[in-house]
Amino acid sequence: MVTVVVATTADPASIGPASALLSMPGWHLGPSLEGGGLTKEGGMVSYTNGRVRLLQHGNSIVAEDDLDRRWEEATGEIVEEVIFLSRHSALTHRPSLTVHPIGVPHLREDEVPLQGGRPGWASLPNPRIGPWIRLLKKIANDHGLIPEFEVTLEATHHGPVVNTPTMFVEIGSTEAQWGRQDAAQVIALLAWEGLGLDGGSGLGRWDRGGKVLLGLGGGHYVPRHMDIAAKDGVWVGHMLSGYSLPMEEPGKHKNGGGSGNVDGPNGGRDGVGGTWKQAIKISLAATEAAFPGGQIIAHLDNKAFKGWQRNAVTGFLVEQSVKIGKPADFF
């Protein structure tokens with residue numbers, strides 16, 4: 001069982017942390033994979049350090065699907081988890097260090113994902129997300145990046161397709177930060193300590209017990225869910241912001257428009273169209289699979305929902321036997 005860390009030379013916010021990580025002790029050149037079925041063009045360089053494999057390719061980070069399966073086929077090693085190093089872009093230009101799960105569970109089959117993935121799909125969220133966002137904040141503070149940089153979770157979004165627990169760790173939000181060596185060093189230290197390459201036990205391996213956050217609603221940076229995840233002992237599953245919960249108000253959606261998920265006479269969900277139920281079901285199933293034996297608790301950003309939306313979501317969660325919790329329920 002190995003951990004696969006993925007970086008691309010096409011992205012300074014990816015190759016910077018990878019290079020900083022490779023400068024630390026214990027790395028050896030891995031198998032030569034050019035022509036080994038891992039990429040269509042140019043092959044892929046690999047490095048090994050204990051149970052960790054670092055892969056470098058030259059393509060878009062979201063374009064290389066099924067890297068875990070392809071690695072297993074090429075090497076015979078079983079991939080336990082995947083961690084992608086990448087850049088984050090934002091119109092605010094705010095310097096940031098972010099962590100998030102991936103997927104586009106709200107898209108219909110006839111929609112084309114703009115940043116990789118597969119419509120109606122979400123990866124298993126990596127259990128390290130919660131512990132690592134807290135460790136990232138500590139390391140960033142110790143290295144003087146806070147308050148210049150914001151350390152935050154992002155909502156579930158984009159690809160590539162993977163089949164094992166996955167997370168993205170990113171530097172944002174513009175070219176001015178993507179190549180920053182101090183930010184790259186912080187991300188490298190996060191992986192170094194978090195994966196136990198420093199000789200420690202690592203951080204964030206699921207132990208089949210604990211409360212797991214399923215965040216629903218709010219903006220892309222899920223601030224109210226982040227307030228919960230910042231507390232010790234909280235595990236983090238998928239987080240769906242408002243744009244990943246498309247909801248059409250009863251009586252206003254178009255019939256036959258492919259929106260799906262239209263309820264009949266049933267509680268407060270009569271006629272609520274859109275793919276919101278699909279997104280919740282897929283994300284819930286992936287979170288449950290990533291945290292076997294865990295207690296999944298849904299937290300709603302109530303201020304982000306209109307009344308009819310909140311009623312529909314809470315009613316659906318009750319149908320799915322999912323506990324709906326307040327922040328205090330996680331501690």
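Each residue takes its place number in the sequence, starting with 1. Just so you know, these numbers come straight off a predicted model, no measurement behind them.
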Hydrophobic cluster membership, L97 vs L135, 4.5 Å side-chain cutoff: yes
* Asked: Are the side chains of T174 and S89 in touch, meaning some heavy atoms are under 4.5 Å apart?
  -> no
Under a 3.5 Å cutoff, is there a donor and acceptor pairing between the side chains of E64 and H57?
no
- Message: Hydrophobic cluster membership, with links at side-chain heavy-atom distances under 4.5 Å among I/L/V/M/F/W/Y: are V62 and L124 in one?
- Response: no
- request: For the pair Q278 (side chain) and T275 (backbone), establish whether a donor and an acceptor sit closer than 3.5 Å, ignoring hydrogens and angles.
  value: no
### Task
For T3 and E80, test the side chains for any donor-to-acceptor distance below 3.5 angstrom and give the result as yes or no.
no
> Would you say the side-chain atoms of Q309 pair up with the backbone N or O of K306, donor to acceptor, closer than 3.5 Å?
Replying inline: yes
*Taking the side chain as C-beta and beyond, is there a heavy-atom pair between I133 and M226 under 4.5 Å?*
yes
- Task: Any chance you could lay out the side-chain contact (heavy atoms from CB on, under 4.5 Å) test for E175 and R87, step after step, and finish with the verdict?
- Result: CA-CA 9 Å; E175 189 174 357; R87 71 186 179 192; over 6 Å; no
* Ionic contact status for R118 with E109, cut-off 4.0 Å -> no
ask   = Are any side-chain N or O atoms of S173 and backbone N or O atoms of H93, one a donor and one an acceptor, separated by less than 3.5 Å?
value = no
*Under the 3.5 angstrom rule, does the side chain of E72 hit a backbone N or O of V79 as a donor-acceptor pair?*
yes
**Prompt:** Is a donor on one side and an acceptor on the other found under 3.5 Å between the side chain of R134 and the backbone of V234?
**Reply:** yes
Hey, is CZ on R51 packed in by over 12 heavy atoms from elsewhere, all under 6.0 Å? yes
So the ring-ring contact (aromatic ring centres under 6.0 Å, His included) pairs with at least one residue in residues 147-189 (sequence neighbours excluded) are F84-F168, H100-H157, H100-H158, H100-F168, H157-H220, H158-F168
Side chains of T164 and D68 only: does a donor on one sit below 3.5 Å from an acceptor on the other? yes
Under 3.5 Å, side chain of R53 to main-chain N/O of G50, donor-acceptor pair present?
yes
- Task: Treating Ile, Leu, Val, Met, Phe, Trp and Tyr as nodes and any side-chain heavy-atom pair under 4.5 angstrom as an edge, say whether L216 and I324 lie in one connected cluster.
- Result: yes
Output for pair (F330 CZ, K231 NZ), nearest 0.5 Å, gives 13.5 Å
For a 4.5 angstrom cut-off between non-hydrogen side-chain atoms, does L153 reach M239? yes
Return yes if some donor-acceptor pair links the side-chain N/O of D65 with the main-chain N/O of V161 below 3.5 Å, else return no.
-> yes
Item to complete: May I ask you to check whether H238 and T156 show a side-chain donor-acceptor distance below 3.5 Å?
Response: yes
Correct closest heavy-atom pair for V6 and V4 would be CG2-CG1, 3.8 Å
- N/O donor-acceptor pair under 3.5 Å between W27 side chain and L21 backbone: yes
Have S14 and S86 got a donor and an acceptor in their side chains that come within less than 3.5 Å?
-> no
Throw together a table of side-chain donor-acceptor distances under 3.5 angstrom for residues 183-199, partners on residues two or more places apart or in other chains.
residue	atom	partner	partner atom	Å
D198	OD1	G200	N	3.0

Could you check S96 against E150 for side-chain hydrogen bond (donor to acceptor under 3.5 Å, both in side chains), going step by step and ending with a plain yes or no? CA-CA 5 Å; S96 61; E150 180 182 17; over 6 Å; no
Check: F291 ring centre within less than 6.0 Å of W206 ring centre: yes
**Any donor-acceptor pair under 3.5 Å from H225 side chain to L213 backbone** = no
key: side-chain contact (heavy atoms from CB on, under 4.5 Å) between L145 and I139, intermediate numbers included   = CA-CA 9 Å; L145 290 190; I139 295 174; over 6 Å; no
Which is it for L214 and L284 under the side-chain contact (heavy atoms from CB on, under 4.5 Å) test, yes or no, and what are the steps along the way? CA-CA 7 Å; L214 176 70; L284 172 62; 4.1 Å; yes
Side-chain heavy atoms under 4.5 angstrom apart, residues restricted to Ile, Leu, Val, Met, Phe, Trp, Tyr: same cluster for I296 and V313? yes
Q. Should W308 and E249 count as side-chain neighbours, where that means a heavy-atom distance under 4.5 Å?
A. yes
For I280, is there any backbone N or O sitting under 3.5 Å from a side-chain donor or acceptor partner on S283? no
Less than 4.5 Å apart, side chain to side chain, heavy atoms only: is that true for T166 and I83? no
